[in-house]
Amino acid sequence: MDLSVVDTSAVWNPMAKRYLRRQASESLPDVIGNYNHVSVWIELKAPGKRNTINAKQNQHQRQFLIRKIQQGCFACV
């Protein structure tokens, strides 16, 4: 099985005792990976918040995922 995953979300820093901001681009989904030569892009949302992907402030995320789907990748929320 060919599997690799990168988590782009904020990371807990035990010394600072808080989550540090993520270093990735704002439109980059929370989880990216590759499975059997298929690019995988997953945007995570809190329970009940999935529809926020349609909000004006999240249009960059939505458009990014749409472009990935159009390119033949697996992308979802």
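The residues of the chain are indexed from 1 along the displayed sequence. None of these values were measured; they are calculated from a predicted model.
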Considering all heavy atoms, the nearest L65-P29 contact:
CD2-CG, 3.8 Å
With sequence neighbours left out, write down each residue that passes side-chain contact (heavy atoms from CB on, under 4.5 Å) with I66, or none if nothing qualifies.
R62, Q63, Q70
Going from CD on Q59 to CG on N54, what distance comes out if it is rounded to the nearest 0.5 angstrom?
7.0 Å
Can you name the side-chain contact (heavy atoms from CB on, under 4.5 Å) partners of C73, sequence neighbours left out?
S39, W41, K68, Q71
Partners of K45 by salt bridge (Lys or Arg N to Asp or Glu O under 4.0 Å), sequence neighbours excluded?
E43
Results of side-chain contact (heavy atoms from CB on, under 4.5 Å) for R50 - residues two or more places apart only
V77
Please determine whether residues I69 and F64 belong to a single hydrophobic cluster, defined as Ile, Leu, Val, Met, Phe, Trp and Tyr linked transitively by side-chain heavy-atom distances below 4.5 Å.
no
Any donor-acceptor N/O pair, H60 side chain to Q57 backbone, under 3.5 Å
yes
